[in-house]
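Along the sequence shown, residues are numbered consecutively beginning with 1.
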Amino acid sequence: MESMNPKKFKRILVGVDDSPDAQLAFRYAMNRAKYDDAELVICSIMESDSMNIYQALSKDYVHGQRAELVKHLEQYQKLAERVGVKQVKLIIGEGDPGETMVKTIIPEVKPDILVIGSLSKSGVRKYFGSQAAYMAKYSPVSVMIVR
């Protein structure tokens, strides 16, 4: 009956933004990482097409946006550590969220599973939701879509 035991994960990748579904995905990933004693990798994608051309060309603007995103991700990290996740890493990608996650982040992180939310409607957030199907279809690892 040992084959009936659920799989334990060693590395869990979670895509976050501020949408309600992404928050649920983060909570699931955080609790699962604690339960499995797994490493939790928290990822967010900075989109260049949400910036105008002048902003994209300004290194100061892009650096400021990245620094702001790092601070935001550090809040997720602190929460995960407070809950008892022992290994937490942060990663920021740039570009189209679905493609960046599948083609860049997953090969770099080598997770056992990707956890993402499914619904996002505005700003940077809309792309995680609209591309959840893309990530599920093209991801080389298992994907859990949380609603």
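Looking only at distances, a side-chain donor or acceptor of R11 sits under 3.5 Å from a matching main-chain atom of V109. Counting only distance, with no hydrogens or angles, the side chain of S44 and the backbone of V16 share a donor-acceptor pair below 3.5 Å. In this structure, the side chain of S142 does not engage the main chain of I113 through any donor-acceptor pair within 3.5 Å.
For the residue pair A38 and V85, the shortest heavy atom distance occurs at O-CG1, 4.0 Å. In this structure, A22 and G15 approach most closely via the heavy-atom pair CB-O, 4.4 Å. Minimum interatomic distance between A132 and G117 (heavy atoms only, all atoms of both residues): CB-O, 4.0 Å. Taking each heavy atom of D21 and S118 in turn, the nearest pair found is OD2-OG, 3.2 Å. Contact detail for P107 and V102: the closest heavy-atom pair is CD-O, 3.4 Å. The two residues I105 and G93 come nearest to each other via the heavy atoms CD1-CA, 4.0 Å.
For Y138, the ring-ring contact (aromatic ring centres under 6.0 Å, His included) partners two or more places apart in sequence, or in a different chain, are Y134. Annotation: salt bridge (Lys or Arg N to Asp or Glu O under 4.0 Å) contacts of D112 (sequence neighbours excluded): none. Residues meeting the salt bridge (Lys or Arg N to Asp or Glu O under 4.0 Å) test with K103, sequence neighbours left out: E99.
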### Message
As a quick check of understanding, evaluate side chain to side chain contact (heavy atoms under 4.5 Å, CB included) for K78 and Q75, giving each step before the final call.
### Response
CA-CA 5 Å; K78 287 177 187 172; Q75 296 302 314; 4.0 Å; yes
### Task
Begin from the C-alpha positions of D37 and K86 and carry the test side chain to side chain contact (heavy atoms under 4.5 Å, CB included) through to its verdict.
CA-CA 7 Å; D37 196 25; K86 295 175 187 164; 3.5 Å; yes
#### Entry: Criterion side chain to side chain contact (heavy atoms under 4.5 Å, CB included) on T100 and E94, from CA distance to verdict
CA-CA 7 Å; T100 302; E94 287 185 39; over 6 Å; no
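In terms of hydrophobic clustering, with Ile, Leu, Val, Met, Phe, Trp and Tyr side chains grouped at heavy-atom distances under 4.5 Å, M46 and V70 are assigned to a common cluster. Residues V83 and L90 are members of one and the same hydrophobic cluster, defined by side-chain heavy-atom contacts under 4.5 angstrom among Ile, Leu, Val, Met, Phe, Trp and Tyr.
The structure places CD of E81 at 11.0 Å from CD of Q87, a figure rounded to the nearest 0.5 Å. Here the straight-line distance linking atom OH of Y35 with atom CZ of F9 works out to 11.5 Å at 0.5 Å rounding. In this structure, NZ on K10 lies 14.5 Å from NZ on K110, to the nearest 0.5 angstrom. In this structure, R27 CZ and Y76 OH are separated by 9.5 Å, a value rounded to the nearest 0.5 Å. With rounding to the nearest 0.5 angstrom, the CD1 atom of I92 is 11.5 Å from the CD1 atom of I42. Between atom NZ of residue K89 and atom CG of residue L40 there is a gap of 11.5 Å, rounded to the nearest 0.5 Å.
Residues L13 and V141 have side chains not in contact (no heavy-atom distance under 4.5 Å, counting atoms from C-beta outward). Put simply, the side chain of P111 reaches to within 4.5 Å of the side chain of I106, judged on heavy atoms.
Looking at I12, L79, V14 one by one, the single match for side-chain contact (heavy atoms from CB on, under 4.5 Å) with M30 turns out to be L79.
Side chains of D17 and S19: a donor on one and an acceptor on the other come within 3.5 Å.
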